[in-house]
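Below is one structure; the comments refer to it alone.
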Amino acid sequence: MIIEGFEIENWTCIKKLAVSGLPPTGVIVLHGPNRTGKSSVVQALRACLMDYSSTSTALKSCYPRGGGEKPIVSVTFSAGATTYRVKKCFGSNKSELAGRTSTGDWKVETTSAAESHSQTCGYVGGDDSSKGLRQLLWLTQAEFRLPDPKKFDAGVQAQLRGILGVLQTALDDLFIERVKKRWNSWYSGQRKVGKQHEIKDSCTLAEKLKKLDVTQLELKESDGKFNEIEGLLRQTAELELRKLDFERQLGQQTMELRNRQEELQRSQTRIGARRLAEEQNTNAVNEQKPALEEKGHRADAVKRLIEAENAVQPGKNKVDTLEQSLRSMEERQTKLRKDITDQRENRRALEQRANRVTAKLLALDDTEDLKLAQKELERVQEIAREVDAIKRYLREYPAPDKKELDALKTNRQLALQLQADRDAASMSLKLMPIEGAGPAQLVLDGAPLQSVEHSPLPLTYSVRRKAEVLIPAWGRVELRRGTSTSDLDQIEADLGRCHEQFASGVVPFGITANDPNAFEQLLRRHAENGLKNQELKRQGGELKKLAPKGLEPLQRKVLELETKVKGVAATDTGSPELLPSERNELKELKADFDNQIALLDGQITVLEADIESAETALGQGRTDVTRAKEELAGFEATVKNRQEELGRLRTEEQIAQRVDDAKRNLEATQAQLTETELTNEESTIDERLAAAEEAVRALEKQIRENEEKYNRIKGRLEGSEGLHSRRASLAARVDELARLTERESIEKDAVDRLYELFEECREKQLGTLMGPIHERVLNWMRVLDIGD
Amino acid sequence: MIRFLHAADLHLGLRVTRFDEDACNRVGEARFTALQQLREKAAQLKVDFILVAGDVFDDHSISRSDASRAFPILESSRESCPVFIIPGNHDPLVPGGVWDRDPWTREQPHLRVNFLPKFEPVPVPNLPVTIYPCPLRQRRSMDDPTAWIENHPPTHDERTIRIGLAHGSLNIMRLPEDDHLIRQDAADHYRLDYLALGHWHKRSLHKSSDGVDRTAYSGTHEPMNFPGTNPSLATGWLSFSADGDAERFHDDGHGIALLVTIEAPKAPPRIESIELGRLRWTAEQRDVTGQPLGTLISDYSRRESPELTILRLTLAGVLDPQGHARLDELRQIVQNRYHPGSSMDADGVLIEPNAEQLAEVVGTGVLKRVLDRLKEDAQSIDATNKRVAEHALKLLYRIAWEEQPA
């Protein structure tokens with residue numbers, strides 16, 4: 001199949017595109033910037049020729065955005081010897097497949113969507129543009145890779161290479177796959193240009209490098225130990241040399257020592273004589289020395305005796321003086337003790353007198369207290385009595401409380417009201433006797449007869465039911481109510497109940513209800529009782545204040561004071577001194593006594609201090625006397641000792657003789673020393689011999705120390721056993737690992753370089769190929785007005 | 001007439017590091033085997049005694065087992081001849097050193113092993129021979145270890161053969177001053193009939209004023225180096241001398257001892273080399289350019305006793321990818337048939353396909369461009385870039401070759 005031309009309308013971004021007269025041979029390349037519709041063109045051709053019938057709904061994504069237009073694609077192609085044109089209106093059943101006749105006209109073969117599709121697929125050789133070799137017909141961007149060569153017809157492959165081989169061959173594919181695989185054995189992901197890639201921790205190279213580091217470290221440690229051992233070896237060489245040197249020196253010194261010993265032997269006689277002379281001389285010096293010392297001792301002893309004797313008399317004098325002083329102190333002490341006894345006696349007498357005055361003053365105070373207590377008791381008793389009287393009155397004359405009184409008051413007011421009502425309901429009888437008329441008699445409502453005397457003013461009476469007036473000299477006048485009397489009866493009944501209630505209310509208070517002043521009496525009594533209660537409260541409060549615990553404590557206090565006053569009077573009866581009875585006098589007397597006592601106390605304190613200091617002085621005096629006596633005894637003993645000491649020493653003559661003898665002996669030995677004087681060599685032989693011995697000993701010591709160091713190193717060197725092979729083994733491993741890592745590093749770098757170069761070359765290859773094509777395509781695009 | 005074997009530098013407990021552990025152990029073990037051979041050779045040749053001129057052990061701090069094993073081998077059987085040993089600079093006589101340890105210090109009838117720790121003449125029992133031992137007590141020293149012999153000149157009627165036994169460098173060239181330098185006329189000066197030396201690892205004879213070889217280094221009894229001083233051949237072993245890896249410490253790749261025969265005092269010694277040693281060490285370099293790799297493979301697979309040969313093969317040159325792919329075959333042969341420690345270094349072999357192969361191998365796509373770029377890199381003056389590029393080229397060829405369709 002060869003495409004000759006096509007028309008595309010409303011396909012994604014393509015509004016309308018018509019291409020015709022495409023060449024029958026060569027390559028058709030759509031080339032242009034991104035998003036200009038290259039892939040859409042190919043997609044439309046694939047859809048129209050192979051992949052979809054016009055009724056397919058799978059192409060909605062290819063419809064243009066907005067608007068309701070549907071894509072229409074028409075492709076003119078040749079297959080075999082015939083040219084066809086298929087037109088599909090997608091999203092509808094409008095399709096048409098036409099063939100070109102030999103005259104160049106189009107002959108419609110079918111307008112059925114299904115038939116158009118199936119016949120077209122038949123002409124172009126497939127109904128899926130993405131399968132098999134057909135994909136090669138539809139190369140879009142990035143789809144330049146060839147299929148697996150083994151599944152590829154060799155002829156086709158060669159033909160394709162002829163066309164596309166300038167891009168990437170199958171070998172290139174295989175090669176770069178191998179390279180990538182190898183590359184990924186060291187690195188992760190994909191190689192990126194310009195990026196420094198780090199090798200993976202898990203790759204063999206990284207592991208080898210780690211092992212190499214560890215082994216190198218171990219080798220370093222091992223080399224360190226080896227160098228330490230080498231250092232010890234050098235030390236042993238030095239020690240060896242030193243040992244030889246010491247041994248040589250020891251030989252020399254031993255020889256020297258032997259020479260000195262021989263020299264000593266040779267000089268033995270002369271040295272012996274010399275040593276004898278020295279010894280004798282030393283003895284003579286030693287003998288002279290004690291003789292001279294004895295002489296000195298004797299002179300010292302005499303001198304010390306005289307000094308001791310001189311000290312005895314002053315000692316005696318001192319003892320006498322001190323004893324005399326002690327006696328006078330004892331006398332003074334006796335006197336002081338007597339004085340203080342007297343003063344204490346005086347003080348005791350004064351104190352007794354003062355005590356009596358004090359007792360008397362206290363008795364006076366008690367008497368006064370007693371009087372006060374008695375008065376207080378009396379007052380309390382009086383209040384108690386008054387309280388009792390009020391209580392008794394209140395019991396005898398009870399009064400209504402406020403509530404009761406109010407009730408009674410209301411009753412009385414009601415009674416008055418009822419009486420008024422009754423009077424109002426009654427008839428009014430007014431009598432106006434004339435001047436000089438005799439008394440008339442009047443009977444009202446069945447009441448007893450009453451006389452009506454003359455009155456300047458008319459007399460008015462209230463008549464409830466019936467009134468009879470007997471008028472002398474005239475006769476009797478009877479007045480009687482003729483109509484119903486029910487209101488009046490009710491009033492009277494109410495009034496009667498009212499009076500009954502009143503009567504029952506006043507009876508408890510001992511008042512007769514008939515008494516017209518009954519209610520006033522009650523009012524009065526209520527007022528009086530109120531006052532009484534107030535008085536009772538006041539008196540009760542005072543009583544509680546004066547005697548909160550009742551009368552008994554007050555009475556007990558009075559009794560106690562009485563007992564006390566009587567007791568004071570009884571104790572003072574035997575005293576010879578008469579005391580004043582007035583308080584002031586007594587106080588003055590007391591003050592006088594107190595002053596005297598204080599004076600005496602002061603004197604006694606002074607005396608006590610004097611006695612104490614006298615006692616101390618007396619003790620000191622006695623000590624001084626004892627010490628002076630001891631001192632004197634010491635002086636006397638010293639004199640005795642010195643005398644005995646002197647007695648033990650040789651006499652002066654004997655000592656002088658001894659000193660002379662020693663002097664002569666010394667002179668004789670000094671003469672001998674002069675005779676036996678040694679040469680310098682003879683005199684230093686001992687020192688030189690000792691020095692030689694010392695040198696030998698020092699060398700022996702150094703040899704021993706050297707030997708010890710030698711032995712210490714020996715121990716450490718022995719401990720290095722096996723180090724050599726360990727070190728060799730480690731070095732071998734380091735060498736091997738270094739070789740392997742170096743080899744693998746080179747391999748890695750080479751693979752990386754291959755990868756890098758491959759990518760680089762491929763890009764360049766594409767550029768070279770696509771450059772001129774790009775130019776042509778741009779021209780087409782300009783002509784076709786596609787893109788910018 | 002007396003006959004004796006002169007050996008030196010046994011270096012038992014040898015420290016080599018440039019091999020894997022197994023190879024190191026085997027190399028060490030071979031030295032004991034060679035020592036056994038020395039003893040057997042002595043019995044076979046019926047020599048009167050053996051002299052070991054120092055460095056019996058590689059160091060003081062060798063393992064106890066190594067120190068112990070040497071003794072019974074040297075002591076050997078009752079019929080064996082005596083062995084006279086001095087300490088060298090690797091195992092100097094120091095306190096706590098290997099000579100201070102069991103079994104060397106054990107109280108026992110040392111019938112054959114004679115350790116000579118002192119500077120004093122030692123007469124060989126039943127023979128008219130006096131040995132003048134020069135034991136070393138230090139790793140390095142500016143003293144001539146033979147100087148003490150000065151005090152023991154021959155008497156005018158001396159009838160014994162005077163043999164010096166020392167370890168140090170004969171002062172015949174420019175050497176470090178502390179390498180135990182021995183005066184070059186020592187044999188003349190001390191009037192020795194023979195001066196048996198150790199310290200240098202290859203056989204070396206030196207004439208006295210009478211034109212007779214009286215001073216000799218026996219060389220080591222078992223090789224311990226690849227011949228040559230190229231740093232790439234290093235084994236990790238170093239002497240304690242200031243010039244560490246100097247040529248005189250390199251052996252010839254095989255073990256040796258000297259059989260010395262002296263007819264009488266002042267008579268010229270007859271010195272013969274006795275081949276010893278278990279292993280052979282060889283370092284070879286081959287250029288593979290233009291030669292079929294099959295020939296090379298065939299050559300190395302047909303060598304004699306490869307299992308006793310430590311081979312260090314270095315290849316250089318240019319191969320086409322096909323040939324390069326066969327390098328692994330050769331590597332397998334070296335690693336599997338030769339003694340452990342053998343190796344092949346083909347890093348120096350470059351791959352260069354011919355014009356025909358080139359298109360076939362890398363195609364005409366991206367790889368072709370990559371190849372061109374790598375070739376440019378490989379010409380870089382920066383050593384690292386160059387090395388990476390060369391390796392990358394090899395990788396490119398290898399992968400491309402392996403991915404070719406069957």
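Every chain is numbered from 1 and lettered A, B, ... according to where its sequence line falls, protein lines coming before strand lines.
Within a 6.0 Å sphere centred on NZ of Lys386(B), other residues, nucleotides and ligands contribute more than 12 heavy atoms. In Lys225(A), the NZ atom is not crowded: 12 or fewer heavy atoms of neighbouring residues, nucleotides or ligands sit closer than 6.0 Å. Counting non-hydrogen atoms of other residues, nucleotides and ligands closer than 6.0 Å to CD of Gln335(B) gives a total above 12. Sparse packing is recorded around NZ of Lys211(A), with 12 or fewer heavy atoms of other residues, nucleotides or ligands lying under 6.0 Å away. Under a cut-off of 6.0 angstrom, the local environment of NZ in Lys220(A) is sparse, with at most 12 non-hydrogen atoms contributed by other residues, nucleotides or ligands.
Of all non-hydrogen atoms in Arg64(B) and Glu721(A), the two that sit nearest each other are NE-OE1, 3.0 Å. Heavy-atom minimum distance, Ser720(A) versus Ser61(B): O-CB, 3.0 Å. Across Glu718(A) and Asp100(B), no two heavy atoms sit closer than the pair OE2-O, 4.0 Å. Cys761(A) and Val366(B) make their closest contact through CB-CG1, 3.8 Å (heavy atoms, listed as atom of the first residue, atom of the second, distance). Across all their heavy atoms, Val370(B) and Phe758(A) have their closest contact at CG2-CA, 3.6 Å. The two residues Lys714(A) and Gly96(B) make their nearest non-hydrogen contact at CG-N, 3.0 Å.
Side-chain contact between Glu756(A) and Arg373(B) is absent, with no heavy atoms from C-beta onward closer than 4.5 Å. Side-chain contact between Leu395(B) and Glu747(A) is present, with at least one heavy-atom pair separated by less than 4.5 Å. Contact of the Arg743(A) side chain with the Asp347(B) side chain is registered, since non-hydrogen atoms from C-beta on lie closer than 4.5 Å. No side-chain heavy atom of Phe57(B) sits under 4.5 Å from any side-chain heavy atom of His724(A).
Most heavy-atom pairs under 4.5 Å with chain A: of the set Glu402(B), Lys394(B), Lys368(B), this distinction falls to Glu402(B). Among the candidates Asp377(B), Leu93(B), Thr384(B), the residue making the largest number of heavy-atom pairs closer than 4.5 Å to chain A is Asp377(B). When the candidates Arg182(A), Glu230(A), Arg726(A), Lys748(A) are compared by the number of heavy-atom contacts under 4.5 Å with chain B, Glu230(A) comes out ahead. Contact tally against chain A (heavy-atom pairs below 4.5 Å) for Val388(B), Thr17(B), Asp58(B): the top residue is Thr17(B). Among Glu21(B), Gln138(B), Arg139(B), His60(B), the residue with the largest count of heavy-atom pairs under 4.5 Å with chain A is Arg139(B).
Residue contact with chain B, scored on non-hydrogen atoms closer than 4.5 Å, involves the backbone and the side chain of Ile746(A) alike. Neither the backbone nor the side chain of Asn25(B) comes within less than 4.5 Å of any heavy atom in chain A. Heavy-atom distances place both the backbone and the side chain of Val751(A) under 4.5 Å from chain B. Heavy-atom distances place no part of Asp372(B) under 4.5 Å from chain A, backbone and side chain included. Both the backbone and the side chain of Leu374(B) come within contact range of chain A, each with at least one heavy atom under 4.5 Å from a heavy atom of that chain. For chain B, the nearby part of Glu240(A) is the side chain; its heavy atoms alone come within less than 4.5 Å. Residue contact with chain A, scored on non-hydrogen atoms closer than 4.5 Å, involves the backbone of Val362(B) exclusively. In this structure, chain B has heavy atoms under 4.5 Å from both the backbone and the side chain of Arg727(A). In this structure, chain B has a heavy atom under 4.5 Å from the side chain of Arg739(A), while its backbone stays farther away.
Distance check: Asp735(A) CG to Cys24(B) SG gives 8.5 Å after rounding to the nearest 0.5 Å. The distance from the CG atom of Leu730(A) to the CZ atom of Arg15(B) is 9.5 Å, given to the nearest 0.5 Å. Interatomic distance, Leu241(A) CG to Asp143(B) CG, rounded to the nearest 0.5 Å: 7.5 Å. Interatomic distance, Leu233(A) CG to Asp59(B) CG, rounded to the nearest 0.5 Å: 7.5 Å. Put simply, NE2 on His391(B) and CG on Leu754(A) are 9.0 Å apart, with the number rounded to the nearest 0.5 Å. Rounding to the nearest 0.5 Å gives a distance of 8.5 Å between CZ of Arg234(A) and CZ of Arg140(B).
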Would Asp749(A) and Arg387(B) count as a salt bridge (charged side-chain N to carboxylate O under 4.0 Å, His left out) here? Give the steps.
CA-CA 10 Å; Asp749(A) 292 344; Arg387(B) 200 172 168 202; over 6 Å; no

